[in-house]
Participant: 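Right, I'll just put the structure down here and ask away after.
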2 protein chains.
Amino acid sequence: MPAPDLDQSDRTSSASPPSWTIREVADEFGVTHRTVRHYEDLGLISPERRGTTRVYHRRDRTRLALILRGKRLGFPLEEIRTIIDLYDRPRGKASQLEYVLDQIDERRTDLEQRRRDLEDALAELGEFERRCRADLARLT
Amino acid sequence: MPAPDLDQSDRTSSASPPSWTIREVADEFGVTHRTVRHYEDLGLISPERRGTTRVYHRRDRTRLALILRGKRLGFPLEEIRTIIDLYDRPRGKASQLEYVLDQIDERRTDLEQRRRDLEDALAELGEFERRCRADLARLT
DNA sequence: CTTTACGTTGACGTCAACGTCAAGAACCGG
DNA sequence: CCGGTTCTTGACGTTGACGTCAACGTAAAG
């Protein structure tokens, strides 16, 4: 008879909510523990402390994923912080919701500019490839 | 009878190819002259020299536009340099064309990853806005 | 109980991408 | 010809995003 879920590598089947060490999340997301701590210094994540040791939960992993995607999109960490804080901020009152909706609009404008740039770059790349292939064909 | 095109603000109607000073291109592209010179230090642009003074032509403006778009997309300047060099590099022989086509493929893979990230971010933003608007409606 | 593996907090280093400042050269209008 | 504006080359400063290193705690394993 197997012991009931002492396997640390299968956390999702545990009764208690799963948690991870700094090394585990770092490895999983392909960054160093130093990077994770840096994000904590900037207030982008705030893992639980068990004594002095950091304990990461699903919420922290979600935020880390958002951070890394933001980075891939070229946003500075400070801006990323305002974004994910926006997602998490309490928005009970109408005034707060209005503010959040304004921020959303700003974000979208920015993202859509990036999308245009991206489409342009991809289009140019396609055209350039076409010309290269044509040149290559003429050489045969 | 008007003098034939002594107006420096209308360079495109000049008989000789139009050119610009560093301040002019900087202002036009919304960067400082220091930024433009920095790009030159890194070899991203190489304007003509008239004596000691830099003279910018259409080619330089094209490259500058590419650089700034690359920056908006979050690419480091070194990577941007390899990209625009790719567009400009001589590609007479088949082997060179093959190499260029390989590079194009790498670029495209990268850009498409970014596009996915971008679409995801925009989708999440849309969903988030929907929820906020719903919350707002319930408050009325 | 010591080793070994991770964990922790600083403090400092580094690299990219510029900004800032100083000290001249060069042209332009008066 | 002279002063003001614009250009030039350095040299150094700054900010963001971590890397690196030292010095130390701790918890399981042999």
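Each chain gets a letter, A, B and so on, in the order its sequence line appears, and its residues count up from 1. The analysis underlying the following values was restricted to heavy atoms, covering all of them including side chains, and did not include hydrogens, waters or symmetry mates.
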Participant: Does B:R54 reach a base, just sugar-phosphate, or nothing at all? Heavy atoms under 4.0 Å.
Facilitator: sugar-phosphate
Participant: What is the distance from CG of B:L64 to P of C:dA17, rounded to the nearest Å?
Facilitator: 15 Å
Participant: Between B:D117 and A:R69 (salt bridge meaning N to carboxylate O under 4.0 Å), is one present in this structure?
Facilitator: no
Participant: Report the residue (B:Y56 or A:R37) whose heavy-atom-nearest nucleotide on DNA chain D is the more 5′ of the two.
Facilitator: B:Y56
Participant: Over how many whole Å does the gap from B:H33 atom NE2 to C:dC21 atom P extend?
Facilitator: 12 Å
Participant: Roughly, in whole Å, what's the span from CG in B:D27 to P in D:dT6?
Facilitator: 10 Å
Participant: Could you check B:T53 against B:E78 and say which one's nearest nucleotide on DNA chain C is further toward the 5' end?
Facilitator: B:E78
Participant: Whole Å only: how far is the CD atom of A:E24 from the P atom of C:dC6?
Facilitator: 11 Å
Participant: Return whichever of B:R34 or B:F75 has its heavy-atom-nearest nucleotide of DNA chain C closer to the 5' end.
Facilitator: B:F75
Participant: Using whole Å, report how far CG of B:L42 lies from P of C:dC15.
Facilitator: 15 Å
Participant: Name the residue from B:R34, B:R81, B:R49, B:R63 that meets the salt bridge (charged side-chain N to carboxylate O under 4.0 Å, His left out) definition with B:E40.
Facilitator: B:R49
Participant: Does D:dC18 have OP1 or OP2 sitting under 4.0 Å from an N or O in the side chain of A:Y39?
Facilitator: yes
Participant: Is A:E106 salt-bridged to A:R108, cutoff N-O under 4.0 Å?
Facilitator: no
Participant: Rounded to whole angstrom units, what separation is found between the CD1 atom of B:I22 and the C1' atom of C:dC27?
Facilitator: 17 Å
Participant: Just checking, B:R114 and B:F75: is the charged tip under 6.0 Å from the six-membered ring centre and within 45° of the axis?
Facilitator: yes
Participant: Start with the C-alpha distance between A:L68 and A:Y39, add both sets of side-chain angles, then the distance that settles side-chain contact (heavy atoms from CB on, under 4.5 Å), and finish with yes or no.
Facilitator: CA-CA 10 Å; A:L68 296 178; A:Y39 295 161; 4.1 Å; yes
Participant: Given D:dC18, C:dC18, C:dT8, which nucleotide is nearest the side-chain atoms of A:T52?
Facilitator: C:dT8
Participant: How many Å lie between CD on A:E40 and C1' on C:dT9, as a whole number?
Facilitator: 11 Å
Participant: How would you label the contact of B:R50 with the nucleic acid (heavy atoms, under 4.0 Å): base, sugar-phosphate, or nothing?
Facilitator: nothing
Participant: OP1 or OP2 of C:dC18 versus the side-chain N and O atoms of B:K71: is any pair under 4.0 Å?
Facilitator: yes
Participant: Which one, D:dC18, D:dC7, C:dA17, comes nearest to the side chain of A:T35?
Facilitator: D:dC18
Participant: Let's see if you can work this out: which of D:dC18, C:dA26, C:dG10 has an atom nearest to the side-chain heavy atoms of A:H38?
Facilitator: D:dC18
Participant: When all nucleic acid strands are considered with a 4.0 Å heavy-atom cut-off, which category describes B:R23: base, sugar-phosphate, or nothing?
Facilitator: sugar-phosphate
Participant: Expressed in angstrom and rounded to an integer, what is the separation of B:D41 atom CG from C:dC18 atom C1'?
Facilitator: 11 Å
